[in-house]
Amino acid sequence: HQHQHQHIHCISCGRHLDPEEFSASPATAKIIACQHGSKFPVCADCVEPGKRLLAEHDRTGQPVKTADAWH
């Protein structure tokens with residue numbers, strides 16, 4: 001038995017996101033991108049905080065500060 005479940009977590013709050021959340025109507029998860037084009041998952045509640053994390057990354061050139069993952 002192979003475990004094929006994707007492990008996706010919101011970069012802002014760390015909540016586990018299921019792939020279906022990105023295509024649900026309304027979507028409860030989104031993908032946002034930094035200026036360099038790298039893409040990051042966020043839950044719908046964390047879009048603005050996630051954008052702030054990416055803005056800091058863009059401004060400083062440091063890795064994106066992400067929340068600890070949880071389920």
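- The salt bridge (Lys or Arg N to Asp or Glu O under 4.0 Å) test applied to Glu48 returns Lys51, not counting sequence neighbours.
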Subject >> Step-by-step side-chain contact (heavy atoms from CB on, under 4.5 Å) determination, Gln35 to Arg59 >> reply: CA-CA 10 Å; Gln35 290 177 352; Arg59 186 175 58 256; over 6 Å; no

**OP:** Begin from the C-alpha positions of Leu53 and Phe40 and carry the test side-chain contact (heavy atoms from CB on, under 4.5 Å) through to its verdict.
**Re:** CA-CA 10 Å; Leu53 290 171; Phe40 300 89; over 6 Å; no

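- Leu54 and Val42 fall within a single hydrophobic cluster, where Ile, Leu, Val, Met, Phe, Trp and Tyr are joined by side-chain heavy atoms under 4.5 Å apart, directly or via other members.
- The minimum heavy-atom distance between Ile32 and Gly50, with the atom names listed, is CD1-C, 3.5 Å.
- A heavy-atom distance below 4.5 Å is found between the side chains of Arg15 and Trp70.
- Residues Ala27 and Ala44 share a closest heavy-atom pair of O-CB, 3.9 Å.
- Pairing each heavy atom of Ser12 with each of Ala67, the nearest pair is O-CB, 3.2 Å.
- Between His16 and His9, the ring planes lie perpendicular to each other; the angle is over 60°, past the 30° to 60° tilted range.
- The side-chain hydrogen bond (donor to acceptor under 3.5 Å, both in side chains) contacts involving residues 37-46 comprise nothing, where partners must be two or more places apart or lie in separate chains.
- With sequence neighbours left out, His57 forms a side chain to side chain contact (heavy atoms under 4.5 Å, CB included) with Cys34, His36, Val64.
- Formation of a donor-acceptor pair under 3.5 Å by the Glu21 side chain with backbone atoms of Asp18 is found in this model.
- If you chain together hydrophobic residues whose side chains sit under 4.5 Å apart, Ile31 and Ile11 never meet in one group.
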